[in-house]
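Within every chain, numbering begins at 1; the chains are lettered A, B, ... in the order of the sequence lines, protein sequences first and strands thereafter. The analysis underlying the following values was restricted to heavy atoms, covering all of them including side chains, and did not include hydrogens, waters or symmetry mates. Being a predicted model, the structure only gives us computed values, none of them experimental.
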Amino acid sequence: MAHEHKLAIFRGTLKFKSNITKIWGVFVFLSIITIIEVALGIIKPEFLTETRFLAMKLLNWVFIILTLVKAYYITWDFMHMRDEKSGLRRAVVWTGVFLICYLILILLIEGDYIFEVYKNNFIKFDF
Amino acid sequence: MDTTVAKTGTEGKTWGGGNQPLNASYGKMMMWFFIVSDALTFSGFIAAYGFSRFKFIDAWPIADEVFTHVPFLHGVPAPMYYVAFMTFILIFSSVTMVLAVDAGHKMQQKKVIWYMFFTIIGGVIFVGSQAWEWATFIKGDYGAVETKGGKILQFLDTDGKRVAIAEFTEKIPSARDIHVENNGIWYEAEPTATTYSYEEVKAGFLANDNLLVRTQYYDENGEPTVLSREESIAKIVNDGKLVVEGANLKHNEYGHPLFADFFFFITGFHGFHVFTGVLINIIVFFNVVIGTYERRGSYEMVEKVGLYWHFVDLVWVFVFTFFYLV
């Protein structure tokens, strides 16, 4: 069995000599992201918690984007998605991305609506 | 051994998996099928968590105040550190797993054995940490009073520091009527007794003038609302109903019970995945040790269990974000 590994990450800007060095490189990258996340979670910088973008704190957007970056590198390099045929890659990724986005969108809108109902109706819930 | 040959008798048959659609073998393809469906299951759970959180957005517990414990550091509030440690353990076990896969491609049995071994150790540490976190969460730390409407009231002193109910409760000698099956409805069991009764906490609260009540609702600054002494007394006396210590599926001293429900369900389901991952890893580990894959001429089984293991890590990345960070 031939196992061809694509050894470049960050769109080809960082090339590794062997698959093993690439694994360690990705590990270092994932660790850095996790450290940033934990540090932000402990410090909670004010300019990130005060500012809101699309009804959500900027800090939470940062967390979600960093999570997606981590998910990308776990899937692409640890699960060897980078080396699979593009058909398999698209079948797995787009199915998930489309269905999950739809589910989250619809459930969060519904949850927010029920919150408004609880808040603005004539029945007292805080007792 | 005949059972360890690589052939499955389906070579060259289109629908027997002999051809490799998308250049992925039958086993790998099926593992991807499973991973996609399992990813949808997990996103269903996390989206449901988001739904409930948005529904009670003004009263949802802050994870930083719930998970503040680190083993052997009793009483030192250290939010996030332990979960961060667990995250690193899982990422690192992913690294050893992918190194095992790489060594498998090169048919290096010794290396595969060692890397699989480290992966299993990492998984075991992770599951153990999760069990410890569950135990701490179930035990609780300060205790709270639940109102008739199921809302949580926590106690602060006038400096704004949390006070455990054990610190101010007055012992009232009282006899407790134990519910027994023959003098009541047989299917109603005796409820779990808390250390202190509501009456005792109330008496202790009224006797200590420096105590205030904090509700689970947020004020305009996003902090839980702290009531004045008069409001606190009125709240405890009029609305208080029972004492809550720790968290279970019905009551949660940290805030809304749904928070505890989702915590148990999502981290439990994920922990179950890690547990089965460790089991499958152990099976594959012993197969590597006795040389099954060496004879088969392919370490693809390591690759397949590796896919599953990385998926578990992937899910944890999301659980970590949505339960502990956001």
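Considering only heavy atoms from C-beta on, A:Ile42 comes within 4.5 Å of B:Tyr81 through its side chain. The shortest distance between side-chain heavy atoms of B:Phe318 and A:Leu68 falls below 4.5 Å. Residues B:Phe320 and A:Thr67 have side chains not in contact (no heavy-atom distance under 4.5 Å, counting atoms from C-beta outward).
Of the atoms belonging to A:Trp24, it is side-chain heavy atoms, and not backbone ones, that fall under 4.5 Å from chain B. Using a 4.5 Å cut-off between heavy atoms, A:Leu108 contacts chain B through both its backbone and its side chain. With a 4.5 Å cut-off on non-hydrogen atoms, A:Glu110 touches chain B through its backbone and its side chain both. Interface residue B:Phe88: only side-chain heavy atoms are found under 4.5 Å from chain A. Interface residue B:Phe311: backbone and side-chain heavy atoms are both found under 4.5 Å from chain A. With a threshold of 4.5 angstrom between heavy atoms, B:Asn238 does not approach chain A through any atom at all. Heavy atoms of B:Val36 lying under 4.5 Å from chain A belong exclusively to its side chain. Heavy atoms closer than 4.5 Å to chain A are found nowhere in B:Val83, neither backbone nor side chain. Using a 4.5 Å cut-off between heavy atoms, B:Leu307 contacts chain A through both its backbone and its side chain. Only the side chain of B:Thr87 comes within less than 4.5 Å of a heavy atom in chain A; its backbone stays farther off.
Taking all atoms of both residues into account, the shortest heavy-atom contact from B:Leu325 to A:Gly41 is CD2-CA, 4.4 Å.
When A:Ile100, A:Ile104, A:Leu30, A:Ile35 are compared by the number of non-hydrogen pairs under 4.5 Å with chain B, A:Ile100 comes out ahead. The greatest number of non-hydrogen atom pairs below 4.5 Å with chain B, out of A:Ile64, A:Leu59, A:Thr95, is found for A:Ile64. Here B:Leu99 is the residue among B:Thr147, B:Ile91, B:Leu99, B:Leu40 with the most heavy-atom pairs under 4.5 Å with chain A. Heavy-atom pairs under 4.5 Å with chain A peak, among B:Asp239, B:Val326, B:Thr215, B:Ile46, at B:Val326. When B:Lys148, B:Lys106, B:Met29 are compared by the number of non-hydrogen pairs under 4.5 Å with chain A, B:Lys148 comes out ahead. Per-residue counts of heavy-atom pairs under 4.5 Å with chain B were compared for A:Glu116, A:Met81, A:Lys57; the largest is that of A:Met81. Of the residues considered (A:Ser86, A:Ala71, A:Ala91), A:Ala71 shows the highest number of contacts with chain B, using heavy-atom pairs under 4.5 Å.
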Legend entry - B:Trp309/A:Phe78 under side chain to side chain contact (heavy atoms under 4.5 Å, CB included): CA gap, chis, key distance, verdict: CA-CA 10 Å; B:Trp309 192 252; A:Phe78 287 178; over 6 Å; no
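Taken from NZ in B:Lys55 to CG in A:Leu107, the straight-line distance is 11.5 Å, to the nearest 0.5 Å. Of the inter-residue distances, the one linking B:Ile57 atom CD1 with A:Lys119 atom NZ reads 11.0 Å to the nearest 0.5 angstrom.
Aromatic ring centres of B:Phe92 and A:Phe27 lie closer together than 6.0 Å.
Salt-bridge annotation for A:Lys44 and B:Asp64: present, with a side-chain N of the basic residue lying under 4.0 Å from a carboxylate O of the acidic one.
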